[in-house]
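Here is the structure we will look at, set down as structure tokens.
The basis for the numbers below is simple: all heavy atoms, side chains too, and nothing from hydrogens, waters or symmetry mates. Keep in mind it's a predicted model, so treat the numbers as computed, not measured.
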Amino acid sequence: TAALETGGVAIFGIVPDGVDSVSVQTGGSESIDVVTEANAYYTVTPPGTSLRSVSYVGPSGSVEFPIYDPRLAMREGQERP
């Protein structure tokens with residue numbers, strides 16, 4: 001993930017061959033389906049969107065990874081590394 005100057009969060013990653021889309025879980029029960037291209041995915045969430053996980057079904061079965069909000073990792077007034 002990456003915090004954007006617009007206030008949104010970019011979510012991106014790679015997936016194994018054969019994965020056509022990933023599901024980005026946000027908020028309570030909301031999700032965003034993101035189509036993959038060349039084994040990669042990329043989407044931007046609007047400012048203030050709560051983030052939970054990215055999941056997909058691959059050759060080894062279901063996979064789910066937590067999403068960490070980069071905006072919460074930085075404290076007010078700190079410089080980015």
Apply side-chain contact (heavy atoms from CB on, under 4.5 Å) to Val15 and Tyr41, showing your working. CA-CA 8 Å; Val15 293; Tyr41 62 92; 4.0 Å; yes
When rounded to the nearest 0.5 angstrom, what is the spacing between CD1 in Ile67 and CD1 in Ile11? 4.0 Å
Is there a path of hydrophobic side-chain contacts, each under 4.5 Å between heavy atoms of I, L, V, M, F, W or Y residues, that connects Ile32 with Val54? yes
When Ile, Leu, Val, Met, Phe, Trp and Tyr are grouped by side-chain heavy atoms lying under 4.5 Å apart, directly or through other members, which residues fall in the same group as Val57? none
Between Thr1 and Tyr68, is there a donor-acceptor pair closer than 3.5 Å when you use the side chain of the first and the backbone of the second? yes
Side-chain polar contacts of residues 18-25 - donor-acceptor pairs under 3.5 angstrom, sequence neighbours left out - could you list them?
residue: Ser23; atom: OG; partner: Gln25; partner atom: NE2; Å: 2.9

Donor-acceptor contacts, no H, no angles, side chain residues 44-52, under 3.5 Å, sequence neighbours left out:
residue: Thr45; atom: OG1; partner: Val9; partner atom: O; Å: 3.4
residue: Thr49; atom: OG1; partner: Pro46; partner atom: O; Å: 2.8
residue: Arg52; atom: NH1; partner: Gly27; partner atom: O; Å: 3.3
residue: Arg52; atom: NH1; partner: Gly28; partner atom: O; Å: 2.3

